[in-house]
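As structure tokens, the structure follows; a few thoughts come after it.
Below, chain A is the first sequence line, B the second, and so on; all start at residue 1.
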Protein chains: 2
Amino acid sequence: MQPHNLRKVGLKVTLPRLRVLEVLGESEEKHLTADDVYRALIDSGEDIGLATVYRVLNQFEAAGLVVKHNFEGGQAFYELDGGEHHDHMICVETGKVIEFVSPDIERLQSEIADKHGFQLEDHSLVMYVRPKK
Amino acid sequence: MQPHNLRKVGLKVTLPRLRVLEVLGESEEKHLTADDVYRALIDSGEDIGLATVYRVLNQFEAAGLVVKHNFEGGQAFYELDGGEHHDHMICVETGKVIEFVSPDIERLQSEIADKHGFQLEDHSLVMYVRPKK
DNA sequence: GCGAGTTTGAAGATGATTTGCATATTGTCA
DNA sequence: TGACAATATGCAAATCATCTTCAAACTCGC
């Protein structure tokens, strides 16, 4: 992720912002809480404040660099915006998050919105699943 | 909503519980926050505590009497469980919540979960829409 | 009506997220 | 490249939604 990306969205290039982007981009798990990001940085020796992480994540969301998910459980999860929309499947046993795309479902959604006199602006689909026996 | 319903799910019939059920059942808007319920009761002269509202709503959810939705925005919304599952469409301009059912989407979801080796346990689909111009 | 066991209201505790503010950084321009 | 205005940061304190604690007030079966 180049500084360029930050400039492009009108944000000054600062160390905290670069670090947060790095963590989001290099983490194994793509869906992180603000605290996950904070700890990753503290653990790697950075001197950053939790408040800054929140502020930066919010700015990134507003800028469209990351997507914020409000799954259940009180805390928000942030994910680097890969450009293409996708939905999530969460295993209720392991907590694992799986991403998927379904053009069919997307199409049906637009049709339904349309039928009600609306146009689809955005959507959030989360499936809670359990491993098949 | 008869006291009977409360007994059936193993809850003692108490005034606060009856009142909360009433508010949920008689409100124009079907999706209420704990605070909405609390205020409705306070405004109508009841002497109830916010903590009790939260407690009661949680018990109702556990008992299957109400469904809890985690839309965006930090606060949870509660809705009387009408028995049949449905999804939501929220107008980003007016905040209005519209319910709908789509067997097609439900079926696709099961298929997708299945394809990934899981079985669908539950799901949450929220569409953010805007009135057609 | 009584009493064991449950429920309630009020206040304080939590956990997540935000804000206020003095200090530190960034980007710009000379 | 050095000075500056604008912006960002870290810390601590403030918010917000929600939960827990605990003494006092109910409910229900007897």
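Two rings, from A/H88 and A/F100, have their centers 6.0 Å or more apart.
The distance from atom OH of B/Y38 to atom C1' of D/dC16 is 15 Å, rounded to the nearest whole Å. Rounded to whole Å, the distance from CG on A/L11 to C1' on D/dT9 is 14 Å. Atom pair B/Q59:CD and D/dT18:P shows a separation of 16 Å (rounding to whole Å applied). The CG atom of B/L57 sits 15 Å away from the C1' atom of C/dT8 (whole-angstrom rounding). Atom pair A/R39:CZ and C/dG15:C1' shows a separation of 12 Å (rounding to whole Å applied). Atoms CG (A/L50) and C1' (D/dG10) sit 11 Å apart, rounded to a whole Å. Per the geometry, CZ belonging to A/R19 stands 16 Å off C1' belonging to D/dA8, to the nearest Å. Following rounding to the nearest Å, A/F77 (CZ) and C/dG15 (P) show an atom-to-atom distance of 16 Å.
Among the protein residues, A/I48 comes within range of the sugar-phosphate backbone only, with heavy atoms under 4.0 Å from sugar or phosphate atoms but none that close to a base. Residue contacts shown for A/N58 are limited to sugar-phosphate atoms, with no base heavy atom under 4.0 Å away. Using a 4.0 Å heavy-atom distance criterion, A/D35 is classed as making no nucleic acid contact.
Side-chain N/O atoms of A/S110 and A/R107 include no donor and acceptor closer than 3.5 Å. A donor-acceptor contact closer than 3.5 angstrom is absent between the side chains of B/E111 and B/H116. No donor-acceptor contact under 3.5 angstrom links the side chains of B/D122 and B/H85, judged on distance only. A/H31 and A/D36 share no donor-acceptor pair across their side chains, judged by distance under 3.5 Å alone.
Phosphate contact (OP1/OP2 of D/dT20, side-chain N/O of B/R55, threshold under 4.0 Å): absent. The shortest distance between the side-chain N/O atoms of A/Y54 and the OP1/OP2 oxygens of C/dT17 is below 4.0 Å. At least one side-chain nitrogen or oxygen of B/T14 sits closer than 4.0 Å to the OP1 or OP2 atom of C/dT8.
In the set D/dG10, C/dT8, D/dT27, the nucleotide with an atom closest to the side chain of B/T52 is C/dT8. Taking every side-chain heavy atom of A/Q75 into account, C/dA16 is the closest of C/dT19, D/dT18, C/dA16. Listed candidates were C/dG5, C/dT18, C/dG27. Nearest to the side chain of A/A51 is C/dT18. Listed nucleotides: D/dT9, D/dC28, D/dT18. Nearest to the side chain of B/R7: D/dC28.
When each of B/G74 and B/K12 is assigned the nucleotide of DNA chain D with its nearest heavy atom, B/G74 is the one assigned upstream, toward the 5' end. Toward the 5' end of DNA chain C, the nearer of the two residues B/L15 and A/K68, judged by each one's closest nucleotide, is B/L15.
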